[in-house]
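Worksheet: one structure, shown below.
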Protein chains: 2
Amino acid sequence: MRPTVHDIAAEAGVSLATVDRVLNNRPGVRSVTRNRVERAIATLGYVRDVAAANLAKSRSYPLVFILPSGENAFMRGLESELRFAMSRSAAERLDITILSVPAFDAPALAAALLDARKRRPAGVAVVAVEAPEVTEAVKRLCEDGVSVVTLVSDLPGSGRDHFAGVDNVAAGRTAGSLLGRFLGGREGPVAVLAGSMLVRDHRDRLEGFRAVTSEDFASRQVLPVIEGQDNPLLVEKLVGALLERNPDLAGIYSLGAGNRGLIAALEKAGRAKSVCTIAHELTPHSRAALLSGTIDALLNQNAGHEVRSAIRVLKAKADGLPVIAAQERIRIDIFLKDNLPLEQE
Amino acid sequence: MRPTVHDIAAEAGVSLATVDRVLNNRPGVRSVTRNRVERAIATLGYVRDVAAANLAKSRSYPLVFILPSGENAFMRGLESELRFAMSRSAAERLDITILSVPAFDAPALAAALLDARKRRPAGVAVVAVEAPEVTEAVKRLCEDGVSVVTLVSDLPGSGRDHFAGVDNVAAGRTAGSLLGRFLGGREGPVAVLAGSMLVRDHRDRLEGFRAVTSEDFASRQVLPVIEGQDNPLLVEKLVGALLERNPDLAGIYSLGAGNRGLIAALEKAGRAKSVCTIAHELTPHSRAALLSGTIDALLNQNAGHEVRSAIRVLKAKADGLPVIAAQERIRIDIFLKDNLPLEQE
DNA sequence: AGATTTTTGATTTACGTACATCAAAAATTC
DNA sequence: GAATTTTTGATGTACGTAAATCAAAAATCT
């Protein structure tokens, strides 16, 4: 049987009240006595029963999630995963509030962070936009003792506790490697289509892609980056022009969103099969394109995992428990038409 | 605030004792009363506080894990993940016992299942070997009301509750697809190296590999399967002979274990770079070979995830709770040298 | 030594559920 | 309508921890 506070009291030869004072470091315990209790804890291998403690405290975990609004399919998937987690959160004493903020809008995001702060949550998860005012707001939260997890897009230098997202440099490298190997000896330049260079994850992916291309496929020409603002219509226009300008285009790496435009442009130009295409994020559109062969490989981050990981980490931080790094690492999924999971997920 | 049993009693106009009788379906409640309580539960949206209930019951979850012994690196990794999960299981009321059984030994496995049964656990996780006696033993456990999860290798037709492992047909297809595309227009046959055709996962992988090769790369010749019994020494010998027989060999798909022998044979023959190699499972040896270029891609199943998933599922089954399929799907990791996670994991 | 402060003990209530007991009320049977 | 059975209520204890109160003991200071 696991030892309880009573066992510690007996072992240390003190009263329950004193054990409680030590465990919850309340004042009024001489250091000799404190030591005795701590020794008892160590020898018996006592571990606080978090469930019982939470019950006694009627503890709940008020969390705030800040997500971008807009029609970005990945973000909407993220939100739906979050709502699902909320629906079954009853058993976990979670009390989650969602705040929506226009995408790429740093002032609005900073304001939302201040709003979140007023609610005195135990933790905040935020899809970060890299801007000084956002960094500042996150810093403020951390100083207040609120745990902060960045979600999908990181915010280095803000003091956030954890990043729940993929290694985007590695993602870019992987895309470059796959594209290079899929093309083999085939001639022609490759293009990179990004959303915006203002977001950290896109910059990281580009960096990784360029690095691996120059290391391993030095002879391959990489055309200047196209920024499609994650907007399908704009993307379609820009890719259409790109295809016209480059009749010998061998491959495209689309590292942002707006894949609907990319797919449309490729198919309209009749180049769906001849241009090797690697894109990000599994959505109904990109899934269909992968199956039809318009897209050759998809890199994906599992939104459900990211949400659950963020919640786990925030809870652990609130309880002062350690985080298991290996468990919280969000992996880069690589999907070919052959290992696509079933639709319903 | 979440409603409690007291709220239900008030709402239904009955006593706490009656609510308790309904909730834990004890006898002695007229169906009219029962209905009234159930309606109250529904309208208030009551969900039993599992933590409090477990506390009151002093419930624990006695689980048995049955793993193959031997020096298979993946299995040892699995066991170490399991031990790690056990070490931090104090807070989760888990009481896990590990049984070791010689690999590929159906009678021993069946005996271990019977042994497990005697311990009256809440659940059993087992790395299955496909044999009638094993299927029979699993069936028996299920009939006793013990939840059974197959781990890594499945056992269809046994009535097991869940399979915690990857879709091995999809894994084989993915390997075939990658190998085909990496080889591009290059000439030469490819070879398949398996452990044993007696294990389900190996058979599934082979099936997937063959299917995709004949669908998408019909002109590519696939040599007869080599069975290396997951034994590094035997594998090295067999692959050495294979390389000698086929100087024009373009690729190898190793779908089992014993990669150490494969790597040694390729490097000894000086064909490490010229033969495109795809293998399974990330181990220190395979990791090094991926980084050096001897292996071109690794398919991996994350042992930590499998263990944690098996535990979660067994717990959920023991509590009569539903399993979230999307969360429990074990994905096939594809590692290139570019997206290899850091060593310590 | 006496007064004062600090430390410790003893005890109680609470969290939400499980489970047991005994008495009271209601329904059923004869 | 009385006797019997079934159903329901009232109450208490337990699980392991948190948190509070008040008294007792010990340490510190003057």
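Chain identifiers are assigned alphabetically (A, B, ...) following the order of the sequence lines, protein sequences preceding nucleic acid strands; residue numbering begins at 1 within each chain.
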Please tabulate the protein-to-nucleotide N/O contacts below 3.5 Å involving nucleotides 18-22 of chain C, giving atom names and distances.
residue	atom	partner	partner atom	Å
C:dA18	OP1	B:Asn24	OD1	3.4
C:dA18	OP1	B:Arg48	NE	2.6
C:dA18	OP1	B:Arg48	NH2	3.1
C:dA18	OP2	B:Asn24	ND2	3.3
C:dC19	OP2	B:Arg26	NH1	3.3
C:dC19	OP2	B:Arg26	NH2	3.4

**Study point:** Between C:dC15 (P) and A:Leu55 (CG): distance, integer Å
**Key:** 9 Å
Point to revise | Closest non-hydrogen atom pair, A:Val50 against A:Asp319 | key: CG1-OD2, 4.1 Å
Review point. Could you give the CG-to-C1' distance, from B:Asn35 to D:dT7, as a whole number of Å?
Key: 15 Å
Exercise for review: Return the residues of residues 36-44 of chain A meeting this criterion: a heavy atom under 4.0 Å from some atom of DNA chain D. Order them by number, or give none.
Suggested key: none
Exercise for review: Answer yes or no: does atom CZ of A:Arg120 have more than 12 heavy-atom neighbours from other residues, nucleotides or ligands under 6.0 Å?
Suggested key: no
Review point. After noting the C-alpha distance and the side-chain angles of A:Asn302 and A:Arg308, does the key distance pass the side chain to side chain donor-acceptor pair (under 3.5 Å) rule?
Key: CA-CA 10 Å; A:Asn302 189 304; A:Arg308 287 187 289 268; 4.6 Å; no
Review point. Can you check whether B:Ala111's main-chain N or O pairs, donor with acceptor, with B:Asp115's side chain at less than 3.5 Å?
Key: no
Review point. When the distance from NE2 of A:His6 to C1' of C:dG9 is rounded to whole Å, what number comes out?
Key: 14 Å
**Study point:** Distance in Å, A:Asp144 CG paired with A:Lys118 NZ, rounded so as to fall on 0.5 Å steps
**Key:** 12.5 Å
Check your understanding: Touch check for B:Val50, heavy atoms < 4.0 angstrom, all strands: base, sugar-phosphate only, or nothing?
Key -> nothing
Review point. Between B:Glu306 and B:Gly165, what is the shortest heavy-atom contact and its length?
Key: OE2-CA, 3.5 Å
Review point. Passes salt bridge (charged side-chain N to carboxylate O under 4.0 Å, His left out), B:Arg2 versus B:Asp7? Steps please.
Key: CA-CA 9 Å; B:Arg2 279 174 67 182; B:Asp7 301 319; over 6 Å; no
Practice item. Let me know the distance between CG of A:Asp49 and P of D:dA14, rounded to the nearest Å. Key: 18 Å
Check your understanding: A:Asn300 side chain to A:Leu282 main-chain N or O, any donor-acceptor pair under 3.5 Å?
Key -> yes
Study note, to complete from the structure: To the nearest angstrom, the CZ-C1' distance between B:Arg59 and C:dG16 comes to 17 Å
Point to revise | Carboxylate-amine/guanidinium contact A:Lys139 A:Glu143, below 4.0 Å | key: no
Listing time: all N or O pairs from protein to nucleotides 23-26 of chain C that are below 3.5 Å?
none

Revision key, fill the gap. Shortest non-hydrogen pair, B:Ser309 vs B:Ile330, comes out as CB-CD1, 4.0 Å
Check your understanding: Is the distance from OP1 or OP2 of D:dG9 to the nearest side-chain N or O of B:Thr18 less than 4.0 Å?
Key -> yes
Exercise for review: Select one nucleotide: of D:dA10, C:dG16, D:dT17, the one nearest the side-chain heavy atoms of B:Ser15.
Suggested key: D:dA10
Exercise for review: Specify the closest pair of heavy atoms between A:Ser69 and A:Arg76, including all atoms of both residues, with the distance to one decimal.
Suggested key: C-NH1, 3.5 Å
